[in-house]
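Just so you know, these numbers come straight off a predicted model, no measurement behind them.
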Amino acid sequence: MHVTQIFAMSACSVTKIEPASDPIDLLVRVLEDEESGYVPRPDLTAAFTPDSAVIAGEFTEFQGLAIDYYNPMIGAQLSEGYDIQAEYTVTIPLTDYDGDTLSGTLTVPLPQGYDGASARIKGGAAASSYTDTTVSFPVTLAMEFGTTASLNITIEYKEAQEPVQAPVIIAGANGSWQKGGTDGLSFTSNAAFADFIKVQVDGKDINASSYTVKEGSTIVTLNAAYLETLSVGSHTLSIVSASGTAKTEFTITAIQTEDNQASGVTTPQDQDKNNGVTTSPQTSDSGNMMLWVALLFVSGGMLSTATYKNRKQVRK
């Protein structure tokens with residue numbers, strides 16, 4: 001480590017650690033390149049939380065946490081699957097501590113753009129916890145001269161991965177198909193065609209003969225013969241790909257026949273036209289004419305009968 005190049009820093013005051021879970025805040029210095037040496041970084045957070053109660057003494061400009069992001073990256077032998085490693089030197093002055101080692105949890109700054117979940121001490125423990133800006137490890141510091149606890153470790157990191165977004169239906173969502181139709185019903189997932197696995201309807205796998213699939217991104221068409229087997233109502237469709245599952249709903253509607261239209265049953269559309277009131281069929285004009293003719297004949301007959309009776313009475 002380039003400890004001879006450390007810049008001067010303000011000293012910490014004496015801190016009594018009670019109870020054992022209270023952390024000791026560490027001043028942070030970072031070696032960013034060989035020319036500038038270690039640079040104080042008060043914007044970075046670091047701490048050591050001892051497993052037993054101790055009293056921290058006054059920190060010198062050379063103590064606290066020194067981070068070397070530079071040297072370990074030159075010709076370093078990284079473990080398989082890791083992208084960078086950084087070297088950390090911890091130095092903590094203690095007062096009246098009786099012991100050869102001091103165990104606890106070390107919290108160090110997490111390099112920007114790297115994953116705290118997979119961070120680990122090289123050849124040792126994985127991270128015990130992490131946040132967006134820090135990562136913590138269980139460690140044991142060795143005592144030097146009975147007054148200073150120190151540790152030198154190398155931590156390896158993987159680049160943070162962008163969260164994978166599940167594919168979605170980008171065309172054909174909430175489609176509808178009427179019984180008796182001859183065309184299929186198509187849906188498009190934005191998943192890559194190469195990632196396609198299968199199709200599900202109402203949560204169950206369907207046979208490949210029930211649909212066609214083609215590129216662009218992934219276009220699935222349920223064929224008419226299969227759609228005809230589904231019940232009238234709402235159904236769910238899932239296009240399953242290696243990158244996730246795109247889902248939507250679709251509806252099967254009943255066929256509209258001439259018998260239904262000719263029956264006296266009022267359709268919902270007919271009810272809408274009459275503000276929801278169902279009306280009875282009205283009598284035609286020709287029917288009215290026949291009624292008047294019948295009444296005329298009846299009236300004529302009654303008149304003839306009355307005339308005949310009058311004449312008969314006169315003769316007497």
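Between the Y157 side chain and the G113 main chain, no donor and acceptor come within less than 3.5 Å of each other. Side-chain N or O atoms of T60 include one that pairs as donor or acceptor with a backbone N or O of F62 at under 3.5 Å. For the pair K179 (side chain) and L230 (backbone), a donor-acceptor distance under 3.5 Å is present. Of the possible polar contacts, none joining the R29 side chain to the G37 backbone as a donor-acceptor pair under 3.5 Å is found. Using a distance-only test at 3.5 Å, with no hydrogens or angles considered, a donor-acceptor pair links the side chain of E156 to the main chain of S79. With hydrogens and angles ignored, the 3.5 Å screen pairs a side-chain donor or acceptor of Q161 with a backbone N or O of E159. Under the 3.5 Å distance criterion, the side-chain polar atoms of N223 are left unmatched by any main-chain donor or acceptor of G184. Here the side chain of E228 pairs a donor or acceptor atom with the backbone of G180 at under 3.5 angstrom. The backbone N or O of S136 sits less than 3.5 Å from a side-chain atom of S128, completing a donor-acceptor pair.
In this structure, a donor-acceptor pair under 3.5 Å is present between the side chains of T140 and S103.
Enclosure of atom CG in D132 is not indicated, since only 12 or fewer non-hydrogen atoms of other residues, nucleotides or ligands lie within 6.0 angstrom. Counting non-hydrogen atoms of other residues, nucleotides and ligands closer than 6.0 Å to OH of Y226 gives a total above 12. Other residues, nucleotides and ligands contribute only 12 or fewer heavy atoms inside 6.0 Å of the CD atom of Q112.
Between L65 and V108 the shortest heavy-atom distance is CD2-CG1, 3.9 Å. When all heavy atoms are compared, the tightest approach of S241 to F196 is OG-CA, 4.0 Å.
With contacts defined as side-chain heavy-atom distances shorter than 4.5 Å, the pair L26/I92 qualifies. Between L151 and Y88 there is no side-chain heavy-atom pair separated by less than 4.5 Å. Contact of the Y211 side chain with the T221 side chain is not registered, since no non-hydrogen atoms from C-beta on lie closer than 4.5 Å. L185 places none of its side-chain heavy atoms less than 4.5 Å from the side chain of L237. Looking at T253 and S176, their side chains come closer than 4.5 Å, going by heavy atoms from C-beta outward. Taking 4.5 Å as the limit, some side-chain heavy atom of I206 sits within range of a side-chain heavy atom of L222.
Atom OG of S243 sits about 7.5 Å away from atom CG of N190, to the nearest 0.5 Å. In this structure, CZ on F187 lies 6.5 Å from OG1 on T248, to the nearest 0.5 angstrom.
The pair K204-D202 does not count as a salt bridge, with every side-chain nitrogen at least 4.0 angstrom from each carboxylate oxygen.
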